[in-house]
Enquirer: 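The structure that follows is given in the form of C-alpha cells.
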Protein chains: 2
Amino acid sequence: MASVHSEARSVAAAKPAKLSRTQRTAILKALSDPKRFELLEAIARSHCPLGCTAAHEALSISPATLSHHIKELQTSGLIHVRREGKFAFLTIRPGILEAMSTYLQSLSPTACPTR
Amino acid sequence: MASVHSEARSVAAAKPAKLSRTQRTAILKALSDPKRFELLEAIARSHCPLGCTAAHEALSISPATLSHHIKELQTSGLIHVRREGKFAFLTIRPGILEAMSTYLQSLSPTACPTR
DNA sequence: ACATCAATTCGATAGTTGTCGAAACGTCGA
DNA sequence: TCGACGTTTCGACAACTATCGAATTGATGT
C-alpha cells in the first residue's frame with residue numbers, strides 16, 4: 001500500500017505526503033501564529049466544512065484579518081477553500097498534518113545516552 | 001565526552017507530557033524559524049549532545065544569533081542545555097516533540113464527509 | 001436596477017523578531 | 001596574572017507581519 005495516489009479519499013485519512021523542506025517551513029510558519037492555529041483547531045473541531053462566518057465568530061478578529069489568515073493557511077497547503085456563491089468553506093486537507101506530525105516524531109530522541 | 005554526573009536517566013523516550021495551549025504556541029513559534037528548525041534537526045541528527053561549536057558550523061550564523069536561537073528553543077522547552085565549563089551541549093528534551101506530534105495528529109480530519 | 005451581504009484587497013500602522021558587531025562575561029591553560 | 005577562547009548580552013537596524021478601517025468585488029434577493 002502507501003501508493004502516491006490514493007483513490008479512496010473519503011473516510012479515513014492516511015495519505016503519505018512527503019514534505020519538502022520548503023513545505024515544512026511554510027507549514028510551521030503558518031501554524032506559528034496563535035490566531036491561525038485557533039482557526040485550524042476550529043476547522044478541525046467543526047466536522048470540517050467550516051463556514052467563513054462561523055470562523056469569524058469563533059475567533060474575534062476583523063474580516064480582513066480572517067481573510068489574511070485563511071489565505072496563509074491555504075498557501076501553506078494546510079487547508080482547502082471551497083467557494084460556493086458568496087460563501088467560503090474551509091476544510092483541512094488530509095495528509096499534511098499527518099506528514100508534519102510524522103516528521104516531528106522522527107526528530108525525537110530515540111536513544112539519547114548522556115542527558 | 002565522559003559525563004561527570006551521569007546518573008543514568010530513563011533511556012527510551014515515551015513521556016506523556018500534556019501540553020498547555022501556551023506551551024503549544026511557544027513550541028510552534030520556536031519551530032517556525034527555518035534556522036532554528038535546522039538547529040533542532042542538527043541536534044537530532046547528531047546523537048543528541050551537540051556542542052555549541054558544532055552547531056555554529058552546521059548553520060551559518062553568527063555566535064550571537066546562535067545563542068539567541070538556543071535560548072529560544074530552550075525557553076520553549078524543546079531542548080535542554082547542559083553547561084560544562086565554557087562549553088554548552090544541546091539535547092532534545094524527550095516527550096515534547098512527541099506530544100506536539102500527537103496533538104497535530106489529533107487535528108487531522110478523521111472523517112470529513114463533504115470535501 | 002438597487003440594496004444587501006460575504007469576502008477580499010488596499011494602505012497604513014504598530015509590534016515583533018532575526019540578524020549582526022562590539023563589548024562583556026566566564027573558563028581554562030600558560 | 002594574563003591572554004585566548006567559547007558563549008552571552010547589549011544596542012541597533014532592517015525586514016516581516018498581524019491587525020484594522022475603508023473601499024472594492026462578487027453574488028443574491030427584491
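We name chains A, B, ... by the order of the sequence lines, and we start the count at 1 in each one.
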Enquirer: Is the side chain of A:R93 donor-acceptor paired with the backbone N or O of A:Q74 at a distance under 3.5 Å, no angle test?
Expert: no
Enquirer: Please tell me which of the listed nucleotides, C:dA6, D:dA18, C:dG21, lies nearest to the side chain of A:H69?
Expert: D:dA18
Enquirer: Just checking, any donor-acceptor pair under 3.5 angstrom between side chains of B:E41 and A:Y103?
Expert: yes
Enquirer: Which of these passes side chain to side chain contact (heavy atoms under 4.5 Å, CB included) with A:F89: A:R83, A:R82, A:H80?
Expert: A:R82
Enquirer: Does the B:S67 side chain pair with the main chain of B:A64, one donor and one acceptor, at a distance under 3.5 Å?
Expert: no
Enquirer: Please state how far atom CZ in A:F89 lies from atom C1' in C:dA7, giving the value in whole angstrom units.
Expert: 12 Å
Enquirer: In whole angstrom, give the distance that lies between atom CD1 of B:I61 and atom P of C:dT17.
Expert: 17 Å
Enquirer: Identify which nucleotide among C:dT9, C:dC20, D:dT7 has an atom closest to any side-chain atom of B:A64, counting heavy atoms from C-beta outward.
Expert: C:dC20
Enquirer: Which of these nucleotides, D:dA18, D:dT7, C:dT8, is closest to any side-chain atom of A:D33?
Expert: D:dA18
Enquirer: Check whether any side-chain nitrogen or oxygen of B:K29 sits under 4.0 Å from OP1 or OP2 of C:dT17, and answer yes or no.
Expert: yes
Enquirer: When you measure from the side chain of A:S62, which nucleotide among C:dG21, D:dA27, D:dC20 comes out closest?
Expert: D:dC20
Enquirer: Which whole-number value in Å describes the distance from A:F87 CZ to C:dA7 C1'?
Expert: 10 Å
Enquirer: Tell me which of A:S60 and A:G85 sits closer to the 5' end of DNA chain D, going by the nucleotide each one is nearest to.
Expert: A:S60
Enquirer: When the distance from NZ of A:K35 to P of C:dT16 is rounded to whole Å, what number comes out?
Expert: 15 Å
Enquirer: Look only at the side chain of A:E72 and the backbone of A:H69, and say whether a donor-acceptor pair between them is shorter than 3.5 Å.
Expert: no
Enquirer: Let me know the distance between NE2 of A:H68 and P of C:dT8, rounded to the nearest Å.
Expert: 13 Å
Enquirer: What is the distance from CD of A:E72 to P of D:dT17, rounded to the nearest Å?
Expert: 7 Å
Enquirer: If you compare every side-chain N and O of B:R83 against the phosphate oxygens of C:dT27 (OP1, OP2), does one of them come in below 4.0 Å?
Expert: no
Enquirer: Among the nucleotides D:dT9, C:dT8, C:dC28, which one has an atom lying closest to any side-chain atom of B:K86?
Expert: C:dC28
Enquirer: Does OP1 or OP2 of C:dT19 have a side-chain N or O of B:T65 closer than 4.0 Å?
Expert: no
Enquirer: Can you tell me the distance, in whole Å, between the CD atom of A:E38 and the P atom of D:dT19?
Expert: 10 Å
Enquirer: Expressed as a whole number of angstroms, how long is the span from B:K71:NZ to D:dT7:C1'?
Expert: 11 Å
Enquirer: Relative to the 5' end of DNA chain D, which residue comes earlier, A:S32 or B:S67, by the nucleotide with the nearest heavy atom?
Expert: B:S67
